[in-house]
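Only a predicted model underlies this, so the values are computations on that prediction, with no experimental measurement involved.
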Amino acid sequence: MKTALTRRGLVATVAAAGIAAALAGQAAAQDCVQLRLSSPASETDQRAVALTEVFGPAVADFACFEPSWNATLFAQGTELDAIARGNLEMSIASAQELAEFFPEFSIFAAGYVHQDAAHQVAVFNDAVMDSFKQRVEEELGVKLLTVMYLGRRHVNLRFTREELDVRTPADLAGVNLRMPGSESWQFLGRALGASPTPMAFTEVYTALASGAVDGQDNPLPTVVDARFYEVTNQIALTSHLVDLNYLAMSAEVFNSLTPEQQAQVQAAADAAAEAGRTRQLQLEDELVAFLREQGLEVYEPDLEAFRTTVQEAYLASDLSASWPEGVLDRINELGN
């Protein structure tokens, strides 16, 4: 016997299906592990793109990845503390920020220590990093998942080359160079010969446009992404820091996952880091021509003069006193 489906019955059936779907969606949302990430990077930064396009989808079957860019969720420099307090799950942390908590991390923020992107990965995955990672996890509650390549940092100035030709650190004397606020960053600015000024990344464009600062230092993709080329006139390719970030996660949240989910998070983090690294290296190769087309003078100063001056400054400072014995030698062994 066939049962006729009345209009009222059809409406009831559709309504019941909708309610069931809504309840299923609510249940899925409740089961979803919230992974909020805060970063001062823009959404078009290659780290942001890689995390959004690679990491998020790779963990989507059990986690809700919710990135916030341009420091809209937490101010730059406060993210690690937010994770430690249980107010945030993930961030992109610099060695300079970690050095505020653990001075020995200043070795990874020192000028001319890391040689290139591959060297960063080799160091992060080597046993030399184990004690660093362990201390961060045990004392701050933060797990460092992987290393992300930010790029080779260069000096980017408002001055034309005719006004200031940067050949050696002595040429940067008196230059008001924006640097992030931590002491590790400020020290690097002084080691380069400049007068560093602490300033949040989100304020840099306006400061350059108004002349509040004379320049800033960042990798070429960041110069383009943040459109600093609109308010500057030259880039001295100092390559003073092969800069990195660590993809950081709440250790409590990570440890609450199943072993399978932990492995999935780790694989997703490594895949995102590799995707961002590949694209960032490609961009660095391409952007010199683009920046010259925009009217900037892009040139290489006396790198040996910079390298010697900067390394001497670190070795003579209290910062190097915090570096564990043998770590610098091992880092050098892992390089070329």
Side-chain angles (χ1 to χ4, degrees), residues 34-56 64-101 105 109 136 140-151 153 156 177-186 188-189 196-210 212-213 215-232 241 243-250 253 269 272-273 276 280:
Q34 186 180 42
L35 296 179
R36 295 167 301 163
L37 180 143
S38 180
S39 170
S42 74
E43 62 274 8
T44 55
D45 182 289
Q46 290 309 309
R47 294 162 298 169
V49 172
L51 288 167
T52 302
E53 296 184 355
V54 179
F55 180 83
C64 297
F65 181 57
E66 302 170 9
S68 294
W69 311 113
N70 299 301
T72 54
L73 187 58
F74 286 93
Q76 184 178 17
T78 66
E79 300 95 340
L80 288 174
D81 186 60
I83 293 177
R85 293 174 180 271
N87 297 325
L88 183 67
E89 290 76 46
M90 298 184 70
S91 74
I92 304 174
S94 69
Q96 291 83 353
E97 290 168 333
L98 284 161
E100 293 292 292
F101 296 91
F105 265 89
V136 174
L140 197 60
V142 172
K143 183 175 181 62
L144 302 182
L145 293 171
T146 193
V147 63
M148 305 191 80
Y149 177 67
L150 182 54
R153 294 181 81 99
N156 176 210
L177 187 69
R178 176 270 171 183
M179 303 286 283
S182 73
E183 176 54 29
S184 294
W185 280 116
Q186 295 294 297
L188 176 56
T197 297
M199 180 179 294
F201 181 80
T202 50
E203 301 172 10
V204 177
Y205 184 97
T206 301
L208 287 168
S210 67
V213 294
Q216 63 91 34
D217 85 304
N218 261 301
L220 299 185
T222 304
V223 172
V224 173
D225 183 66
R227 306 184 76 86
F228 292 150
Y229 61 85
E230 296 177 342
V231 287
T232 57
L241 187 67
D243 204 6
L244 59 78
N245 289 138
Y246 302 110
L247 183 58
M249 182 175 179
S250 163
V253 173
Q280 196 80 334

For Gln46 and Tyr149, which I'm curious about, is there any donor-acceptor pair between the side chains at under 3.5 Å? no
Just do the side chain to side chain contact (heavy atoms under 4.5 Å, CB included) check on Leu51 and Met90 with the steps written out, would you? CA-CA 11 Å; Leu51 288 167; Met90 298 184 70; 5.7 Å; no
All heavy atoms of Tyr229 vs all of Val224, minimum pair found to be CE2-O, 3.6 Å
Treating Glu53 as the side-chain partner and Ala272 as the backbone partner, does any N or O pair qualify as donor plus acceptor under 3.5 Å? no
Closest non-hydrogen atom pair between Ala109 and Ser184, with its separation: CB-CB, 4.4 Å
Determine yes or no for a side-chain-to-main-chain donor-acceptor pair under 3.5 angstrom, with Arg153 supplying the side chain and Leu241 the backbone. no
If you measure from CE on Met249 to NZ on Lys143, what distance do you get to the nearest 0.5 Å? 9.5 Å
Can you name the nearest heavy-atom pair linking Phe65 to Gly56, along with the distance? CD2-CA, 3.7 Å
Heavy-atom closest pair (Ala248 atom, Ala93 atom, distance to 0.1 Å) is CB-CB, 4.4 Å
Any side-chain to backbone donor/acceptor pair from Arg178 onto Val213? Under 3.5 Å, distance only. no
Heavy-atom nearest pair, Leu145 first then Ala269, reads CB-CB, 4.0 Å
Residues 77-87, side-chain donor-acceptor partners within the protein, below 3.5 Å, at least two apart:
{"residue": "Thr78", "atom": "OG1", "partner": "Ala75", "partner atom": "N", "Å": "3.3"}
{"residue": "Thr78", "atom": "OG1", "partner": "Ala75", "partner atom": "O", "Å": "2.6"}
{"residue": "Glu79", "atom": "OE1", "partner": "Gly77", "partner atom": "N", "Å": "2.9"}
{"residue": "Asp81", "atom": "OD1", "partner": "Arg85", "partner atom": "NE", "Å": "3.4"}
{"residue": "Asp81", "atom": "OD2", "partner": "Arg85", "partner atom": "NE", "Å": "2.7"}

Nearest-0.5 Å distance that lies between atom OG1 in Thr146 and atom CZ in Phe55: 10.5 Å
Exam field: side chain Thr206 to backbone Glu203, donor-acceptor pair closer than 3.5 Å: no
What heavy-atom pair brings Met179 and Pro196 nearest, and what distance separates the two atoms? CG-CB, 3.8 Å
CZ/Arg47 to CG/Asp45 distance, rounded to the nearest 0.5 angstrom? 4.0 Å
Look up atom CZ in Phe105 and atom CG in Leu98, then write down how far apart they are to the nearest 0.5 Å. 5.0 Å
Strictly below 4.0 Å, N to O, side chains only: are Arg36 and Glu89 in salt-bridge contact? yes
Calculate, to the nearest 0.5 Å, the distance between atoms CG and OG belonging to Leu37 and Ser68 respectively. 8.0 Å
Taking the side chain as every heavy atom from C-beta outward, state whether Asn218 and Asn156 have any atom pair closer than 4.5 Å. no
To the closest 0.5 Å, what do you measure between CD (Gln96) and CG (Leu188)? 7.5 Å
Leu73 and Glu66, any side-chain heavy atoms less than 4.5 Å apart: no
Scan Asn70, Asp225, Thr222 and name whichever one has a side chain to side chain donor-acceptor pair (under 3.5 Å) with Ser42. Asp225
Thr52 side chain vs Val49 backbone, donor-acceptor pair below 3.5 Å: no
Which residues share a ring-ring contact (aromatic ring centres under 6.0 Å, His included) with Phe74, sequence neighbours left out: none
